[in-house]
Structure formats: structure tokens, C-alpha cells
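When reading the values below, keep in mind they use all heavy atoms of this one structure, side chains included, and skip hydrogens, waters and symmetry mates.
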Amino acid sequence: MPQNTPKPDDRSDNVEKLQDMAKNTIGNMEAAEEAMGFLDGDEREALREKNERRKKSLEGFRQEILDEAAARKNGYSGDH
């Protein structure tokens, strides 16, 4: 039976992936804002709450981007 081995930790493109995720989140927030104009009551409130959670996620993405960029600058090569 073949043994499964974990893939090596490759952080070389984490900054770019996180940036893409942040851009997608911003796009989703903007689309939700537009949609709110057509909704009322509970649906509008649900989207407003979802956008609040997205804002918190964006803060996390930004911090992770800074952390990953610093790791890259400090010599993390991604081949560990």
C-alpha cells in the first residue's frame, strides 16, 4: 500500500494568494452593497452582517499579507 506523504510547505506565493482573496472579498462586499438596494428587511440585514464579517476578514488578510511579505523579505525561501 503506498504511503501518503505530505506536500512540502510552499509559502512562495502566499502574498499573491492572500491579495487575490482580499480582492475577491472586496468585490463580494461591493456586489452585496449594490444588492442591498433591491432588498428589504431581513435579507438586507443579513447582507449587512455578512459584509461586517467580510471587513473583519479583510483585516486578517492584511495582517497575513504583511507577515508573509516580512517573512519573504527576511529570507524565507519557501523550500523548507
Worksheet entry | Met21 reachable from Leu58 in the ILVMFWY side-chain graph, under 4.5 Å edges | yes

Practice prompt. Tell me whether Val15 is reachable from Phe61 by hopping between hydrophobic residues (I, L, V, M, F, W, Y) whose side-chain heavy atoms are closer than 4.5 Å.
Written response: yes

Item to complete: Specify the closest pair of heavy atoms between Ala35 and Leu47, including all atoms of both residues, with the distance to one decimal.
Response: CB-CD1, 4.0 Å

Approximate separation, where rounding is to 0.5 Å, of [X] [atom1] and [Y] [atom2]:
X: Asp13; Y: Asp20; atom1: CG; atom2: CG; answer: 9.5 Å
X: Ser57; Y: Glu52; atom1: OG; atom2: CD; answer: 11.5 Å
X: Leu66; Y: Gln63; atom1: CG; atom2: CD; answer: 5.5 Å

Item to complete: Quick one: do Arg48 and Glu45 satisfy salt bridge (charged side-chain N to carboxylate O under 4.0 Å, His left out)? Show the steps, please.
Response: CA-CA 5 Å; Arg48 188 193 64 73; Glu45 181 63 18; 2.6 Å; yes

Worksheet item: Partners of Glu43 by side-chain hydrogen bond (donor to acceptor under 3.5 Å, both in side chains), sequence neighbours excluded?
Response: none

Worksheet item: Quick one: are Lys50 and Met29 in side-chain contact, heavy atoms under 4.5 Å?
Response: no

Item to complete: Go through Asp40 and Arg44 one step at a time and tell me if the salt bridge (charged side-chain N to carboxylate O under 4.0 Å, His left out) criterion holds.
Response: CA-CA 5 Å; Asp40 58 345; Arg44 180 181 291 175; over 6 Å; no

Practice prompt. Could you tell me which residues satisfy side-chain contact (heavy atoms from CB on, under 4.5 Å) with Glu30, sequence neighbours excluded, listed by chain and number?
Written response: Ile26

Fill in: No-hydrogen, no-angle side-chain donor-acceptor test under 3.5 Å, Arg54 and Asn51
yes

Item to complete: Using the salt bridge (Lys or Arg N to Asp or Glu O under 4.0 Å) rule, collect all pairs that involve residues 61-72, keeping only residues at least two apart or in two chains.
Response: Arg11-Glu68, Glu16-Arg72

Discussion item. Does Asn74 have more than 12 heavy atoms from other residues, nucleotides or ligands lying within 6.0 Å of its CG?
Written reply: yes

